[in-house]
Amino acid sequence: MAINAPRGTKDVLPDEVYKWQYVESFIRRWTALFGYKEIRTPVFEHTELFQRGVGDTTDIVQKEMYTFEDKGNRSITLKPEGTAGVVRAYIEHKLYAEAQPIKLYYLSPIFRYERPQAGRLREHHQFGIEAFGSYAPSIDAEIVDLAMSLLNDLGLKDLEIHINSIGCKKCRPVYHKALMGYLADRLDQLCDTCRSRYDKNPLRILDCKEKSCQAVLTDAPDIVDYLCDDCKKHFDSFQNYLSAMGYKYEVDSRIVRGLDYYTRTVFEILSTDERSPGTICGGGRYDDLVEQCGGPSMPGAGFGMGLERLLMCMDSQGIVIPAPKGPDLFIAAVGEQAYNYSIGLASMLRKRDISVEIDHVARSLKGQFKYADKLKAQYVLVIGSDEMASGYVSCKNMSTGQDQRMKLDNIAEQLHSLLH
RNA sequence: GUGGAUGUAGUUCAGCUGGUUAGAGCGCCAGGUUGUGGCCCUGGAGGUCGUGGGUUCAAGUCCCACCAUUCACCCCA
């Protein structure tokens, strides 16, 4: 009976991990430059956290969560997004009592029960950041800047920044009313899902891709016209800061995001490249979330970035991630006595910071060379009974093909000078 | 959740309108003189043709179901 990986999951095999490590190293570099510290939270949380945080009316909570009961009858859910858990930790450990803002980042698997397709998995991985404790639009701009700096540094081209403001507790209800008023006598032209969204979350209708709905929406009231003075000022400064950083962006009043916790700023970074999976980064501000989850009234802002999509995007743009080097040295031993000696030599050389490979399946000398070649070893040392007796070995440079005699007793020093 | 496509060796695929021991490239292993790789040549290992039913004298090839993969929609990273 063959067991395979569950639907929508993927193994990252050794011949590919280096790509992940490469991207992760860029992430660590840029988060450090911006002063974001890593936080690691559990892969699962109490289901209630996501219901309260992400929002009961969202698709994510309604139909995409991996929820189960544990042996203590607790309802547990695998993270369907990264923010809620970080917010919970921020509250639980009273990080709000420290100097603000608290700037955090995470790398985490994310689980959503969906039908897999290109750029969409049931388990995917996100790099995300969260900045708590500041209402200032400079934070909003900073997180976009961090995302873009990273993406640009990785070599990505043709990126677009789409931004919007969806208001706050004060002004959003006013817009809701206006939108609902506009849609009231056009309900019959909307699709089924949008009709059901009308009462619960009318904002989401703006996001609908149905042609009929889009047609209805062309003359719908624009949220930007309904922002209160504070939100308007916030949005303006945010844009000014983005410009000051040298970014081009597009105000897209139809971005509303699928998570209920956003207030004011929402944004997406997407690739316009045909073969790319669209949005690779999405985020925004969530000024009420901490309070909603049982903490003090503290603002926040952040984003999530899909690593699989990022990798996909880099791949489709032809960005080559440098493959790791092979071992410094391969020791090819001939005969049992020489092999015995070579095992000890390999152990010693590794302790001297030289990466060494040696045969473990009893290959012939020729086989060992072929294997060394496959491993991309830089040098091959041949040791047989002659070498054991004379105390000299031959060291072959695998890229030039040249042999050179080396004395065994200070071999580590000689190798070090060869390796640079 | 809705709709389409696909499922043959480790891998990429071929296998014509159903007909005898299922093929190729790459990869893997071994040889091409006695202790030397990358190229070339030769040979070898490796498949219950996704699974289970059905039609037929006969099925990898036709039909059905299931499973899986993949693409689009929905949603999102």
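Because only heavy atoms are used, hydrogens play no part in the values below, and waters and symmetry mates are left out as well, while side chains stay in.
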Base, sugar-phosphate, or nothing: which does [X] touch, judged by heavy atoms less than 4.0 Å apart?
{"X": "Thr58(A)", "result": "nothing"}
{"X": "Leu121(A)", "result": "base"}
{"X": "Glu64(A)", "result": "sugar-phosphate"}

Between [N] and [M], how far apart are the two [atom1] atoms, rounded to whole Å?
{"N": "G1(B)", "M": "G15(B)", "atom1": "P", "result": "34 Å"}
{"N": "U56(B)", "M": "C62(B)", "atom1": "C1'", "result": "10 Å"}
{"N": "G46(B)", "M": "U36(B)", "atom1": "C1'", "result": "29 Å"}
{"N": "A30(B)", "M": "G7(B)", "atom1": "P", "result": "35 Å"}
{"N": "U69(B)", "M": "A24(B)", "atom1": "C1'", "result": "24 Å"}
{"N": "U2(B)", "M": "C74(B)", "atom1": "C1'", "result": "8 Å"}
{"N": "C16(B)", "M": "U20(B)", "atom1": "P", "result": "11 Å"}
{"N": "A45(B)", "M": "C57(B)", "atom1": "C1'", "result": "36 Å"}

Can you find a donor-acceptor pair, distance only, under 3.5 Å between [X] side chain and [N] base?
{"X": "Lys396(A)", "N": "G37(B)", "answer": "yes"}
{"X": "Arg112(A)", "N": "A77(B)", "answer": "yes"}
{"X": "Glu387(A)", "N": "G35(B)", "answer": "yes"}

Checking [X] against [Y]: charged group under 6.0 Å from the ring centre and within 45 degrees of the axis?
{"X": "Arg122(A)", "Y": "Tyr113(A)", "answer": "yes"}
{"X": "Arg28(A)", "Y": "Phe26(A)", "answer": "no"}
{"X": "Arg40(A)", "Y": "Tyr106(A)", "answer": "no"}

Check every atom of [options] against the side chain of [X] and return the nucleotide holding the closest atom.
{"X": "Arg363(A)", "options": "C29(B), C73(B), C76(B)", "result": "C29(B)"}
{"X": "Lys366(A)", "options": "U36(B), C73(B), G3(B)", "result": "U36(B)"}
{"X": "Thr279(A)", "options": "G35(B), C74(B), A77(B)", "result": "A77(B)"}
{"X": "Arg7(A)", "options": "G35(B), G1(B), U69(B)", "result": "U69(B)"}
{"X": "Lys370(A)", "options": "C76(B), G38(B), A72(B)", "result": "G38(B)"}
{"X": "Arg120(A)", "options": "A72(B), G38(B), C75(B)", "result": "C75(B)"}

Problem set entry | Side-chain H-bond candidate by donor/acceptor type, Asp353(A) with His416(A), under 3.5 Å |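 No, no side-chain donor-acceptor pair sits under 3.5 Å.
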Whole angstroms only, please: what is the [atom1]-[atom2] distance between [X] and [N]?
{"X": "Gln368(A)", "N": "U36(B)", "atom1": "CD", "atom2": "C1'", "value": "10 Å"}
{"X": "Lys63(A)", "N": "U2(B)", "atom1": "NZ", "atom2": "C1'", "value": "11 Å"}
{"X": "Tyr113(A)", "N": "A77(B)", "atom1": "OH", "atom2": "C1'", "value": "20 Å"}
{"X": "His125(A)", "N": "A77(B)", "atom1": "NE2", "atom2": "C1'", "value": "12 Å"}
{"X": "Tyr392(A)", "N": "G35(B)", "atom1": "OH", "atom2": "C1'", "value": "21 Å"}
{"X": "Lys79(A)", "N": "C76(B)", "atom1": "NZ", "atom2": "P", "value": "20 Å"}
{"X": "Asp15(A)", "N": "C26(B)", "atom1": "CG", "atom2": "P", "value": "20 Å"}
{"X": "Tyr371(A)", "N": "G38(B)", "atom1": "OH", "atom2": "P", "value": "16 Å"}

For this session: By nearest nucleotide on RNA chain B, pick out whichever of Arg115(A) and Lys374(A) is the more 5' one.
Result: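 Nearest nucleotide further toward 5': that of Arg115(A).
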For this session: Tell me which of Ile269(A) and Asp403(A) sits closer to the 5' end of RNA chain B, going by the nucleotide each one is nearest to.
Result: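 With Ile269(A) and Asp403(A) compared, the 5'-side residue is Asp403(A).
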If [N] has a Watson-Crick or G-U wobble mate with both distances under 3.5 Å, name it; if not, just say none.
{"N": "C66(B)", "value": "G50(B)"}
{"N": "U2(B)", "value": "A72(B)"}
{"N": "G44(B)", "value": "C28(B)"}
{"N": "U34(B)", "value": "none"}

Do [X] and [Y] have side chains that get closer than 4.5 Å, going by heavy atoms?
{"X": "Leu310(A)", "Y": "Met305(A)", "value": "yes"}
{"X": "Val144(A)", "Y": "Ile161(A)", "value": "yes"}
{"X": "Leu203(A)", "Y": "Tyr175(A)", "value": "yes"}

Exercise. How far apart are the closest heavy atoms of Gln414(A) and Asn410(A), and which atoms are they?
Worked result: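 Nearest pair, atom of Gln414(A) first, then Asn410(A): NE2-OD1, 2.7 Å.
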Problem set entry | A72(B) phosphate, OP1 or OP2, under 4.0 Å from Gln117(A) side-chain N/O |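 So the side-chain polar atoms of Gln117(A) do come within 4.0 Å of the phosphate oxygens OP1 or OP2 of A72(B), strictly under.
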